[in-house]
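The structure displayed is predicted, hence computed values, not measured ones. Quick note: numbers below take in every heavy atom, side chains included, and nothing from hydrogens, waters or symmetry partners. In what follows, every chain begins at residue 1, and chains take the letters A, B, ... in the order their sequences are listed.
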2 protein chains.
Amino acid sequence: MTAATILLVEDEPEIRRFLRAALDAEGYRVVESANARRGTIDAGTRKPDLAIIDLGLPDLDGREVIRQIRSWSSMPILVLSARSEEQSKIAALDAGADDYVTKPFGVGELLARIRAALRHGARAAGGQVLRLGAATVDLGKRRALRDGVEVRLTPIEFRLLACLAKHLDMVVTQRQLLAEVWGPSYIGQTHYLRVYMKQLRDKLEADPVRPKYLITETGVGYRLLADEA
Amino acid sequence: MTAATILLVEDEPEIRRFLRAALDAEGYRVVESANARRGTIDAGTRKPDLAIIDLGLPDLDGREVIRQIRSWSSMPILVLSARSEEQSKIAALDAGADDYVTKPFGVGELLARIRAALRHGARAAGGQVLRLGAATVDLGKRRALRDGVEVRLTPIEFRLLACLAKHLDMVVTQRQLLAEVWGPSYIGQTHYLRVYMKQLRDKLEADPVRPKYLITETGVGYRLLADEA
DNA sequence: CAGCCTTTTTACGGGTTCTTTACGCGCTCG
DNA sequence: CGAGCGCGTAAAGAACCCGTAAAAAGGCTG
């Protein structure tokens with residue numbers, strides 16, 4: 001595996017140098033952009049594996065950069081924000097950023113987030129077939145089998161399952177699920193999740209009352225586990 | 001790895017000389033500042049990896065120095081305080097200091113705290129997986145195991161643990177914990193901490209009565225230790 | 001336009017989690 | 001040496017969340 005390339009969009013030279021040093025030391029290739037406009041161009045031409053974007057850019061709102069990149073790429077995007085920019089931080093996530101780091105931050109924390117984001121980006125392209133005991137779900141083909149016979153999943157059931165599969169083994173919050181499957185305006189309607197999780201369990205789990213794969217995280221959300229392929 | 005630089009802000013010449021000798025002997029580079037004003041400047045220009053700040057400075061409140069540094073840097077900050085300065089010690093921690101040493105202190109203790117703080121600065125919240133004896137906690141996946149079997153943590157237990165883990169090896173004040181886990185309006189409700197710390201200990205510690213990892217700092221807060229990965 | 005499938009809505013019971021209260025112990029300070 | 005404070009511990013009631021079922025509403029297709 002070759003070194004990952006990281007795009008760094010940051011206007012303050014001091015922070016830029018600091019970050020480049022830290023990233024170099026980890027063996028990443030680094031491409032720097034001193035402003036937003038430049039960043040959107042470099043994101044396209046230099047083909048980075050991940051982008052780090054400061055929200056306090058002078059020439060263009062950071063959100064705009066994110067939206068631009070998201071319009072053609074699903075690369076992981078990390079956002080840097082000052083503590084006072086709580087609002088724009090949320091806006092950035094809604095615009096499509098994957099994670100954020102609040103200034104002042106420790107190098108270790110940033111590196112950990114980068115590793116997590118890259119790992120996640122790599123998996124997204126990965127295996128599309130889930131094995132859940134006697135059931136298998138092919139996300140690419142939109143089909144599910146159980147003991148060899150086809151199980152019909154409705155569109156919403158399928159999107160819900162896909163959303164959980166995208167973060168396999170990790171908790172997905174109720175908020176995330178509702179926003180992604182039903183739309184942001186449905187956040188808070190948690191009973192939808194309860195109804196549809198039951199349906200998925202009835203269709204896929206051997207013992208729906210004691211689920212092995214579709215796990216509840218009380219007060220937080222749900223988690224999908226899967227057998228190894 | 002090159003020698004770490006330590007900034008020492010201390011007005012009494014005697015203590016300063018004493019500390020310099022101890023730090024020199026350990027191979028640290030030392031930068032001395034005789035007063036608070038000087039300290040804030042040196043913190044910016046000399047790029048130390050860690051700062052030691054005496055709270056009894058004559059020209060400026062120690063808290064102010066800490067706040068200044070924290071406004072642009074996340075370097076570890078250790079505070080020296082006299083026994084009588086219990087209050088200002090806590091205030092310093094709330095202002096962003098990472099740990100404290102009470103005068104009179106042993107050199108060994110101070111050096112241990114310095115090592116812990118530097119180690120923390122290097123790996124930071126990076127390590128997603130905590131090892132606490134027979135228990136492991138994966139903060140990213142939001143899962144805990146003990147002797148191989150899953151331990152269920154409730155949302156509050158998890159947030160509390162995560163908050164402590166974010167400042168691994170360092171003291172987190174009761175105020176900070178309450179504000180971050182329950183919300184700012186719960187500051188003062190310290191019995192919540194006692195109840196939940198016990199639950200965490202029961203679930204994670206081998207001998208909950210004599211905790212090795214979830215440490216009480218009487219009158220101040222709590223501290224999480226962890227084994228090396 | 002009728003029937004079927006899907007989605008939305010409502011209601012309730014049970015279990016988990018959170019909150020609150022009370023008490024005992026050790027430590028410190030007067 | 002006694003009082004007071006802070007912490008640990010235990011337990012019970014309240015609040016909340018989840019699973020479950022089933023009916024109503026919506027939409028597509030023949």
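- For the helix from dC1(C)-dG30(D) to dG30(C)-dC1(D), the angle separating the two terminal helix axes comes to 30°, with each axis derived from five pairs and the value rounded to 10°.
- By the 4.5 Å heavy-atom criterion applied to side chains, Leu93(B) and Tyr100(B) are counted as neighbours.
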Show the distances under 3.5 angstrom between N or O atoms of the protein and N or O atoms of nucleotides 7-15 of chain D.
residue, atom, partner, partner atom, Å
dC7(D), OP1, Gln174(B), NE2, 3.1
dC7(D), OP1, Gly219(B), N, 2.8
dC7(D), OP2, Gln174(B), NE2, 3.4
dG8(D), OP1, Arg201(B), NH1, 2.8
dG8(D), OP1, Arg201(B), NH2, 3.4
dG8(D), OP1, Thr216(B), OG1, 2.5
dG8(D), OP2, Tyr222(B), OH, 2.9
dG8(D), N7, Arg194(B), NE, 3.3
dA10(D), OP2, Lys198(B), NZ, 3.2

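- In this structure, the CD atom of Gln199(A) is 11 Å from the P atom of dT8(C), given to the nearest Å.
- Using a cutoff of 4.0 Å between basic side-chain nitrogens and carboxylate oxygens, Arg20(B) and Glu32(B) are scored as salt-bridged.
- Residue pairs that meet the salt bridge (charged side-chain N to carboxylate O under 4.0 Å, His left out) test with at least one member in residues 213-223 of chain A, sequence neighbours left out, are Glu217(A)-Arg223(A).
- With hydrogens and angles disregarded, no donor-acceptor distance shorter than 3.5 Å links the side chain of Arg146(B) to the backbone of Thr136(B).
- Taking CG of Leu55(B) as the start and CG of Asp61(B) as the end, the distance is 7.5 Å to the nearest 0.5 Å.
- Once rounded to the nearest 0.5 Å, the distance linking CD of Glu26(B) with CG of Leu23(B) reads 8.0 Å.
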Using a cut-off of 4.0 Å between protein heavy atoms and nucleotide atoms, how would you tag nucleotides 23-30 of chain C 5' to 3' with B, S and -?
--------

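- Considering only heavy atoms from C-beta on, Leu168(A) stays 4.5 Å or farther from Leu225(A) through its side chain.
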How would you summarise protein contacts on nucleotides 23-28 of chain D per nucleotide, using B for base, S for sugar-phosphate only and - for none, with heavy-atom distances below 4.0 Å?
------

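- Nearest nucleotide to the side chain of Arg152(A), out of dT17(C), dT6(C), dT19(C): dT6(C).
- Counting heavy-atom neighbours within 6.0 Å of Arg67(B) CZ, excluding the residue itself, gives a total above 12.
- In this structure, Tyr192(A) atom OH and dT9(C) atom C1' are separated by 7 Å, rounded to whole Å.
- Note: CD (Gln189(A)) to P (dT10(C)) measures 10 Å, nearest angstrom.
- A straight line from CG of Leu160(A) to C1' of dT6(C) spans 15 Å, rounded to a whole angstrom.
- Straight-line distance from the CG atom of Leu178(A) to the C1' atom of dT7(C): 14 Å, rounded to whole Å.
- The distance from atom CZ of Phe158(A) to atom C1' of dT7(C) is 18 Å, rounded to the nearest whole Å.
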List the steps and the verdict of side-chain contact (heavy atoms from CB on, under 4.5 Å) for Leu224(B) and Leu132(B).
CA-CA 9 Å; Leu224(B) 176 67; Leu132(B) 314 177; 4.2 Å; yes

Expected list for residues 181-200 of chain B: side-chain donor-acceptor pairs under 3.5 angstrom, two or more places apart:
residue, atom, partner, partner atom, Å
Lys198(B), NZ, Asp202(B), OD1, 3.3
Lys198(B), NZ, Asp202(B), OD2, 2.9
Gln199(B), NE2, Glu157(B), OE2, 2.7

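- Under the 4.0 Å criterion applied to side-chain N and carboxylate O atoms, Asp138(A) and Arg142(A) are not assigned as salt-bridge partners.
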Stepwise side-chain contact (heavy atoms from CB on, under 4.5 Å) test for Thr218(A) and Thr154(B):
CA-CA 7 Å; Thr218(A) 303; Thr154(B) 71; over 6 Å; no

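- Side-chain atoms of Glu150(B) and Arg143(B), non-hydrogen and from C-beta on, do get closer than 4.5 Å to each other.
- Atom CZ of Arg159(A) and atom P of dT6(C) are 14 Å apart (whole Å).
- Ser33(B) and Asp42(B) make their closest contact through OG-OD2, 2.6 Å (heavy atoms, listed as atom of the first residue, atom of the second, distance).
- Side-chain nitrogen and oxygen atoms of Tyr196(B) include at least one within less than 4.0 Å of the OP1 or OP2 phosphate oxygen of dC18(C).
- One can place CZ of Arg210(A) at 15 Å from C1' of dT20(D), the figure rounded to the nearest angstrom.
- A close approach under 4.0 Å does occur between a side-chain nitrogen or oxygen of Trp182(B) and OP1 or OP2 of dT19(C).
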